[in-house]
Amino acid sequence: MLFGQQVCLIAMAAVMLLVTLELIRRRWLREEYAILWLVTSLFLLATGVFPALLLWAAEELNLAVPTLLTLLCFLFLTGIVLQYSVVLTRQAHRQRRIIQEQALLREKLEEIAGTPADTPEGRSASGQADDGSVRR
Amino acid sequence: MSIQVQDAVADKAESHRPQPLGRLADGSPLARLRVVVIVPCYNEADNIAHVLRNLGRHCPWADVAVIDDGSRDGTSAAARAAARDPAAPDGRRVFVLRHCANLGIGGAVQTGYRFAAERGYDVAVQFDGDGQHRAAAVRPLVEALLARGVDQVSGSRFINPRGYGQYGIRLAGIKLLALLVSLVTRRRVTDPSSGFRAAGRRAIELFARHYPQDWPETEALLLLRRAGGSFAEMPVAMRSRRRGRTSISFRKGLLMMAKVSLAILIAIFQSPPSADAGKE
């Protein structure tokens, strides 16, 4: 591996590691994702520092061309993205359920507790938050 | 303790079960039905009062459920104000349900169907909050649902086209969708994107569990068909929007075509909708 490439790889891995650490520090990543990205960036960093690792891995995996490892990486990332799409879809379904359920429950609550129609004009209990943001 | 509270809530809720309104003295079978008109709307504060007034005038026998899909212009406040209209016929209820965030038309309509399923309505009518549907056509639609014994009847603008100016390209798009849907469902469908529909009990329960998201009307037909349901069309006239702009621009129209066509293809391979609630 050329020296320039190696520096490039190490720099990328370092940035990725730092970003991951910062996201963990801000609690923007859940543990399972934090671990995934930590391991990934550490692996990248290791291959940058010790390029021989890549050659060794290629040999172990019986790959004639070491760059075929990038194909494996690509498959790995594709798998992750696909899994996230599934997660996002499921989350969207849940979010929809929750918002609908909340609307139905609030309607029922308003019926039982006395309707918000009794509150002054334009300040219906449900309208407040967003009416406020319109005036912002 | 908590059980007692729950019971109290359930009892109270029980007392709000819809009653057959029976206000039609002309012996129409409608008199025995509990009907709710689902009005999904998003930023329709200018139109909603007018829509509710028309519904009150033409369908005093039906309850109304306005679904405010997280509007930012005070649509639900306008709807509540209109619902208090002293000129409104008594005994008829106008419910206003508000989403705390915008879900899109599919989510809004489904809230209406869930409401109808929970409260035990016999018929749910979908009626747009932008004023393009005619309140006077609700009764013929519900009567057609009964007369034809199907699970859903939708109003078609194209059986006897009148009173609705479609752009050529848009018309072509709808015709193409109609052809696709007709092929897949093996039923003649002329206006698959019509949002003016009446659903019976079986369709209400199906849609309460499963309802598509974006441009859901076409997919809902496929869903109903795959669940073993039946549907029919009847001719209706529609207006162009009263105020404000339609939510479908030309670019969005193309996107809609692509999405719905894809959904049709996907629907062919998807497993039939299950009775398993909460999954979708």
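Every chain is numbered from 1, with letters handed out A, B, ... down the list of sequences. Both backbone and side-chain heavy atoms feed into the values below; hydrogens, waters and symmetry mates do not.
- Salt bridge annotation for Glu110(A)-Arg98(B): absent, with no cationic side-chain nitrogen under 4.0 angstrom from a carboxylate oxygen.
- Between Leu97(B) and Glu107(A), the closest heavy-atom pair is CG-CG, 3.8 Å.
- Of all heavy-atom pairs spanning Leu104(A) and Thr111(B), the tightest one is CD2-O, 4.0 Å.
- Heavy atoms from other residues, nucleotides or ligands lying under 6.0 Å from CD of Glu59(A) number 12 at most.
- Nearest heavy-atom pair, Ala103(A) versus His99(B), reported as atom, atom and distance to 0.1 Å: CB-CD2, 3.8 Å.
- Of all heavy-atom pairs between Gln102(A) and Cys100(B), the closest is OE1-SG, 3.8 Å.
- Only the backbone of Ala208(B) has a heavy atom closer than 4.5 Å to any heavy atom of chain A.
- Residue-environment remark: CD (Glu31(A)) stays at or below the threshold of 12 foreign heavy atoms within 6.0 Å.
- Contact between Arg96(A) and Tyr211(B) at its shortest, heavy atoms only, is NH2-O, 2.5 Å.
- If you take CD on Gln110(B) and CD on Gln100(A), they are separated by 4.5 Å, rounding to the nearest 0.5 Å.
- Atom NE2 in His210(B) sits 10.0 Å away from atom NE2 in His93(A) (nearest 0.5 Å).
- For Phe50(A), the CZ atom sits in a loose shell: 12 or fewer heavy atoms of surrounding residues, nucleotides or ligands are nearer than 6.0 Å.
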